[in-house]
Colleague: 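For reference, the structure I am asking about is given below.
In listed order, ligands and their atoms are each counted from 1.
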Amino acid sequence: MTTIITEAIRDGNTYDIAELVQSSLDSSTQPLDVLKAMTDGLDQCGKKFESGEYFLPELLMASESFSEGMKVLEPHLGQASLGQAGKVILGTVLGDVHDIGKNLVGFLLKSAGFKVIDVGTDNSTEVFIQAVKEHQPEVLGLSALLTTTMLGMEDIIKALDSEGLRQKTKVIIGGGPVSARFAEQIGADAYASDAVEGIRKIKELVAR
Ligand code: B12
């Protein structure tokens, strides 16, 4: 069943995905395994895009299919709670509209008891700085999926520094093209390769 879900997302099947996710849950597949099957589908679509077999419409359909599946899966992933674990601002950097991974991180953070302020996608440095001034979070989480846009992360960290906000705000970065090495280079406090690792690292940053 999970293979069918992966293929449905990969091929942008928006009609059957809700039913497929529901049947998989009904047959006792763990929600996190269903999520893995869904993200594998996006991954496979990305690879086909890279090799020239799929084009932008296929990427869009895969992402649409993922969103439809998430509507069914989300309530099974955990309960939102009161925000006592800490406050986190999440956002995607300038020029980048990818938000599926960031949204997953936000969802799991809320389930783990964090208050999450999601500033959305394609944000200028100023938007992040304003949000940090207004909400004073323990952690700022930045997402980038493009090798071009990831470079903007360094500007945000520098601006936090020059605004005197860096000491109070830990920065974690994530997204396909970034790495622990890149995090170190730009002076971020942490990097996570996926949402589960992200939640663990954010908890560590808050505890520091
Ligand atoms: C879906 C998708 C799209 C959708 C996005 C829809 C949306 N609402 O997000 C659409 C169709 C709009 C799109 C557009 C484009 N895309 Co696109 N897209 C993808 C695709 C297939 C999946 C991305 C995704 O959602 N993955 C699933 C999620 C769950 O994974 P994730 O994002 O990596 O997030 C996880 C971790 O990285 C981490 N994480 C992510 N962020 C953060 C943040 C924090 C704080 C933490 C802790 C963790 C964390 O946790 C997440 C959950 O585990 C990827 C291929 C791929 N394999 O990544 C290409 C991909 C990212 N896209 C690509 C490209 C080139 C584009 C376009 C330029 C195409 C074009 N010619 O127009 C445009 C750019 C638009 C823009 N300006 O941003 C390339 C990027 C190449 C590069 N290295 O720069 C990729 C890699 C495809 C490829 N293989 O070529 N895309």
Colleague: Which ligand 1 atoms are under 4.0 Å away from a heavy-atom of S193?
Modeller: 36 (C), 37 (O), 38 (C)
Colleague: Between E154 and T125, is any pair of side-chain heavy atoms under 4.5 Å apart?
Modeller: no
Colleague: Among all protein non-hydrogen atoms, which one is nearest to atom 20 (C) of ligand 1, and what is the separation to 0.1 Å?
Modeller: L59 CD2, 4.2 Å
Colleague: Provide the number and element of each atom of ligand 1 under 4.0 Å from a heavy atom of D194.
Modeller: 38 (C), 50 (O), 53 (O)
Colleague: Minimum distance, heavy atoms only, to atom 39 (N) of ligand 1: which one of P57, G175, P177, G101 is it?
Modeller: G175
Colleague: Is K47 salt-bridged to E53, cutoff N-O under 4.0 Å?
Modeller: no
Colleague: So which protein heavy atom does atom 48 (C) of ligand 1 come closest to, and at what separation?
Modeller: V105 CG2, 3.6 Å
Colleague: Salt bridge between R166 and D189, side-chain N to carboxylate O under 4.0 Å?
Modeller: yes
Colleague: Do D99 and V97 have side-chain heavy atoms sitting under 4.5 Å apart?
Modeller: no
Colleague: Enumerate the atoms of ligand 1 whose separation from the nearest heavy atom of G46 is less than 4.0 angstrom.
Modeller: 21 (C), 55 (C), 88 (C), 89 (N)
Colleague: Kindly work out whether a path of hydrophobic side-chain contacts (I/L/V/M/F/W/Y, heavy atoms less than 4.5 Å apart) joins M153 to L145.
Modeller: no
Colleague: Of all N, O or S atoms in H98, identify the one at the shortest distance from atom 17 (Co) of ligand 1.
Modeller: NE2
Colleague: Say whether, by atom type as modelled, one donor and one acceptor occur between the side chain of S24 and the main chain of T29 under 3.5 angstrom.
Modeller: no
Colleague: Any sub-3.5 Å donor-acceptor pair from N13's side-chain atoms to D16's backbone N or O?
Modeller: yes
Colleague: Mark yes when over 12 heavy atoms from residues, nucleotides or ligands other than K48 sit less than 6.0 Å from its NZ; otherwise mark no.
Modeller: yes
Colleague: Tell me, which protein residue and heavy-atom name are nearest atom 87 (C) of ligand 1, and how many Å apart are they?
Modeller: F49 CD2, 3.7 Å
Colleague: Counting only nitrogen or oxygen atoms and a 3.5 angstrom limit, does E50 reach ligand 1?
Modeller: yes
Colleague: Just to confirm my output: which protein heavy-atom neighbour is closest to atom 58 (O) of ligand 1, and how far is it?
Modeller: L145 CD1, 4.0 Å
Colleague: Which of the listed options, L60, I89, T149, D43, holds the heavy atom that is closest to atom 56 (C) of ligand 1?
Modeller: D43
Colleague: How far is atom 9 (O) of ligand 1 from its nearest protein heavy atom, and which residue and atom is that?
Modeller: D99 N, 2.8 Å
Colleague: Quick one: does S65's side chain have a donor or acceptor within less than 3.5 Å of a partner on M61's backbone?
Modeller: no
Colleague: Looking at G95, which atoms of ligand 1 are within less than 4.0 Å of one of its heavy atoms?
Modeller: 76 (C), 77 (N), 78 (O)
Colleague: Starting from atom 53 (O) of ligand 1, which protein heavy atom do you reach first, and at what distance in Å?
Modeller: A195 N, 2.9 Å
Colleague: Please check: side-chain N/O of K201 versus main-chain N/O of Y191, any donor-acceptor pairing under 3.5 Å?
Modeller: yes
Colleague: For ligand 1, note which part of D96 has a heavy atom under 4.0 Å away: side chain, backbone, both or neither.
Modeller: both
Colleague: Mark up the atoms of ligand 1 that fall under 4.0 Å of a heavy atom belonging to L42, in ascending order.
Modeller: 21 (C), 24 (C), 25 (O), 26 (N), 27 (C)
Colleague: Between D26 and Q22, is there a side-chain donor-acceptor contact under 3.5 Å, judged purely by atom types and distance?
Modeller: yes
Colleague: Nearest protein heavy atom to atom 67 (C) of ligand 1, by residue and atom, and its distance?
Modeller: L146 CD2, 4.6 Å
Colleague: For G141, take its heavy atoms, then give the atoms of ligand 1 lying under 4.0 Å from any of them.
Modeller: 45 (C)
Colleague: So which of I100, T147, V88, T39 gets nearest to atom 25 (O) of ligand 1, if we judge by its closest heavy atom?
Modeller: I100
Colleague: In the protein, what heavy atom is nearest to atom 1 (C) of ligand 1, and what distance, to one decimal place, separates them?
Modeller: S63 CB, 3.7 Å
Colleague: If hydrogens are left out, which of V97, D122, L56 has an atom nearest to atom 78 (O) of ligand 1, that is, the closest non-hydrogen atom?
Modeller: V97
Colleague: Hey, is the main chain of T149 close enough, under 3.5 Å, to the side chain of D96 for a donor-acceptor pair?
Modeller: no
Colleague: Do the side chains of V196 and L108 get nearer than 4.5 Å, heavy atoms only?
Modeller: yes
Colleague: Just to be sure I read this right, does ligand 1 sit under 4.0 Å from the backbone of T148, its side chain, both, or neither, counting only heavy atoms?
Modeller: neither
